[in-house]
Amino acid sequence: MKQVTLDITGMTCAACANRIEKGLSKVKGVAGASVNFTLEQATLDYDPNEVDRSQLEEKVRQLGYDTVNEVADFSISGMTCAACANRIEKGLRNIEGVSSATVNFALESARVEYAPGEVSPVEVEKKVEKLGYGAKVRAEEKEGDHRDEELERQKRKLLFSALLSLPLLWGMVAHFSFTSSIYIPDLVMNPWFQLLLATPVQFYIGKQFYVGAYKALRNKSANMDVLIALGTSAAYLYSGYLTIKWFLEGGIHHEIPSLYFETSAVLITLVIMGKLFESLAKGRTSEAITSLMGLQAKTAVVIRNKEELTISIDDVLVGDVLRIRPGEKVPVDGEVLEGVSSIDESMLTGESLPVEKKPGDMVIGATINRNGVLEVKATKVGKDTALAHIIKVVREAQGSKAPIQRVADVISGVFVPVVVAIALATFFVWFFIITPNQFAEALEKAIAVLVIACPCALGLATPTSIMAGSGRAAELGILFKGGEHLEQTHEVDTVVLDKTGTVTKGEPELTDIIAIDDESHFLRTVGSAEKNSEHPLAEAIVGGIQERGVELEKSSMFEAIPGFGIKAVVATKEVLIGTRRLMEQRGVNAKAGYEEMAVLEEQGKTVMLVAIEGKYAGMVAVADTVKESSRTAIARLQQMGLTVMMITGDNERTAQAIAHQVGIQHVRAEVLPTDKAEEVKKLQSAGKKVAMVGDGINDAPALAVAHTGMAIGTGTDVAMEAADVTLMRGDLTRIADAITMSRKTMINIKQNLGWALGYNTLGIPIAAMGFLAPWVAGAAMALSSVSVVLNALRLQRAKV
């Protein structure tokens, strides 16, 4: 079995995703299909012996949708005849992820259409080289972001539709007696002018609803598009009929009939606006993969035949010896052979302090070598590296189906045939029984049913609440990636917090100073010695000393001792700053400070002993300090009845010390980056609805797999892109605010849906009995929509 992810365009609602999912599931050889409406992706498990990618893409097209791929052009060398071109073409088509490949022998070129998430141009080049030829990317023509293009198209449609609908809306007020004092130009009331304005709205702007309705009906289902197409068509066609009738009866010499062009035009405009807001609310989570890939080093310095060669990272082989200089990224996962240095692993482990590395230690690709030259033996390359595995976990989590169903679409699946049946029954009852052979009379009553049942309020119930709720949340510094995340956050009952950068500030600070003699002189000496070091701990010490107003001196000598500390000469005095081992190695008796040192270390702090002229002089401690708001925020979450946990890659001692400070009882320490997602899955399997809160790349898989992923806005871009919610101000109190806003929004949505359905339930029988003229039904429908919008706007003043 193999797995493939297809990017799909053309879906308008969750019902579309369900149709595609059912259609793909029926394809022979497909074991499972999951379609994610939000990400516009389909993930399939299939047997390559029975079906291939191109057949799956063709099935999507048969269902009325399309797939998105990228195209790259290559220059091919080494071909001698057309048979060579055929061989290359066949070989390229066999690459998993390649949809099509065309090789032109005369132009010595190849054009390949491929899925960017499954294959890269470099892999295409390697395939051609394996076939015995040469290939080089000539022009990679990346398709534009179809989502952005669709948003721009919808914006233009909304503007055009609104401009045409406003005069019709102006004319609608003439139907009401209390608006008699409002000036309404004769042109606005002219039926031909109204027809001229309404026609492009109905058939150009509203084309997408007709297309969507056709697809739904062709696949024996119904969605919101069917309802919108029915309702607007009824109002438009009836108005067109009255216009023609008015013209045939004498036109301007007769009274202008009541028309309902504004009903169809305004309805289409409002629905387009709702869909636009919903589209804007969807995040760009798929960009997280691109950001993760951007962490990789592009090149590597490899030692072959005793020579240094700079090669592409894609050409690194297992067993290659790499040379990594200070400031460079580690290209791939490997084992240190020579050299001592400290590695900044914060982008993968979340640990703010660099990790000392010596021969025999393992290093992770994409981390940064802070100081010292290392020679590393490559042990994992390409798709086997830790970063590649994290990318895979994020991709799989994002591609899984969201547990959200659009209530309005589910209801409309039953609602449409019922409304159509009632409208037909109304027509026949009036035509044959109540007003025999009066076609216009019967048609008017049937259209009144369709208009009053038109799903404007039903279609706006959810989008307007989401729009208002997400807007208010944004004012509070909370960004929901999409409406589905705003909906599902209210279900959270367990909050899992990352430690570094989430509960804590993520930056080491000077926390403790213990001096045997004069503290001012002690600080001046320590700061002067450390200021030449580029180590993050040294930077924290120097910064903390300078904040205390101490002026530093120049040191006449400085030496970094990797893994131990530093040695410097300040004012002719030799200064040692570092570990117990450094003191013991240099013959300094520092036992007097060991007890205090142990106490500080129990608090999760990094402690450095100081010796001046061979004598123990004191110590300084550095720690990643807790954010001021963390304890209050966690207490608030617990008061809301939520279970709060902390999960971190840090050691048990540090984790417990931090947890104690902020009032967290449940802690998971020393958890590897890829295992954080597994910890979240364990909680979910126990029936918990988990919100994961983090700020680092190492949190991305857990953020993606959680019921709701929340990223701290002061953290990495990848974390924010992988998460469902971004807390822009880095304040943990925003977690409770986000959950509160979600709860308020869900209540508001239920109120709107209740009103919309209640309105239809009450309005349809009234219209069927003939108590509502179509224009009154249209006005009532508009009033229903206004009521829903006004109720949703209350969220803009919601307090948390």
Side-chain angles (χ1 to χ4, degrees), residues 2-5 48 52-54 69-143 289-290 292-323 329-334 365-366 376-385 387-389 391-392:
K2 289 187 177 180
Q3 189 176 81
V4 65
T5 299
D52 60 27
R53 182 189 177 92
S54 61
N69 288 318
E70 292 187 5
V71 176
D73 289 336
F74 298 83
S75 295
I76 308 295
S77 59
M79 292 189 295
T80 57
C81 62
C84 297
N86 292 335
R87 185 182 174 209
I88 296 170
E89 198 169 280
K90 185 177 180 181
L92 292 177
R93 287 175 179 172
N94 287 334
I95 299 175
E96 187 175 351
V98 170
S99 299
S100 66
T102 305
V103 179
N104 189 309
F105 171 61
L107 298 176
E108 295 187 324
S109 67
R111 168 160 283 200
V112 180
E113 184 179 347
Y114 64 97
E118 296 184 54
V119 66
S120 68
V122 172
E123 291 175 272
V124 173
E125 291 176 354
K126 288 183 177 179
K127 179 64 176 179
V128 174
E129 289 168 6
K130 283 183 181 179
L131 293 170
Y133 306 91
K136 187 176 181 181
V137 176
R138 185 171 66 186
E140 190 174 350
E141 300 176 4
K142 188 173 183 179
E143 298 287 338
I289 303 298
T290 304
L292 280 170
M293 290 179 171
L295 289 173
Q296 295 173 322
K298 302 297 184 287
T299 60
V301 177
V302 63
I303 301 173
R304 292 177 180 169
N305 299 323
K306 297 183 179 180
E307 291 185 7
E308 286 189 11
L309 301 173
T310 301
I311 62 175
S312 168
I313 189 173
D314 297 307
D315 296 326
V316 176
L317 304 173
V318 173
D320 275 343
V321 177
L322 311 174
R323 180 161 289 159
K329 287 184 179 180
V330 177
V332 295
D333 295 2
V376 174
K377 178 183 178 181
T379 57
K380 292 181 179 179
V381 301
K383 295 179 180 179
D384 296 325
T385 63
L387 179 62
H389 185 60
I391 291 172
K392 181 174 181 290

Given side chains that start at C-beta, do those of Val98 and Val112 come closer than 4.5 Å, heavy atoms only?
yes
Using the side chain to side chain contact (heavy atoms under 4.5 Å, CB included) definition, which of the options Asp320, Leu309, Leu322, Val321 pairs with Ile303?
Val321
If you take all heavy atoms of Ala297 and Lys329, which pair is closest and at what distance?
CB-CB, 4.0 Å
Salt bridge or not for Glu123 and Lys127, using N-O below 4.0 Å?
no
Ile95 and Val124 have their tightest heavy-atom pair at CD1-CA, 4.3 Å
Main chain of Ser99, side chain of Arg53: is a donor-acceptor contact present, judged purely on distance under 3.5 Å?
no
Search all heavy atoms of Met79 against all heavy atoms of Val103 and return the closest pair with its distance.
SD-CG1, 3.9 Å
Here the gap from Asn104 atom CG to Arg111 atom CZ, rounded to the nearest 0.5 Å, amounts to 11.0 Å
Between the side chain of Asp333 and the main-chain N/O of Gly365, is any donor-acceptor distance below 3.5 Å?
yes
Taking all non-hydrogen atoms of both residues, which atom of Leu317 and which atom of Val381 are closest, and how far apart?
C-CG1, 4.1 Å
Test Ile88 against Tyr133 for side chain to side chain contact (heavy atoms under 4.5 Å, CB included), laying out the working first.
CA-CA 8 Å; Ile88 296 170; Tyr133 306 91; 3.7 Å; yes
Measuring from Ser100:OG to Glu113:CD, what's the distance to the nearest 0.5 Å?
4.0 Å
Separation between CG (Asn94) and CG (Leu131), nearest 0.5 Å, reads 9.5 Å
Could you tell me which non-hydrogen atom of Pro331 sits nearest to which non-hydrogen atom of Ile313, and how far apart they are?
O-CD1, 3.1 Å
Using a cut-off of 6.0 Å, state whether more than 12 heavy atoms not belonging to Glu308 lie near its atom CD.
yes
Roughly how far apart are Glu108 CD and Ser77 OG, rounded to 0.5 Å?
7.5 Å
Under 3.5 Å donor-acceptor, Asp52 side chain and Ser54 backbone:
yes
Can you check whether Lys126 reaches Asp315 side chain to side chain, under 4.5 Å on heavy atoms?
yes
Does Lys380 reach the side chain of Val332, with side-chain heavy atoms less than 4.5 Å apart?
no
Shortest non-hydrogen contact between Pro121 and Tyr114, atoms and distance
CG-OH, 3.7 Å
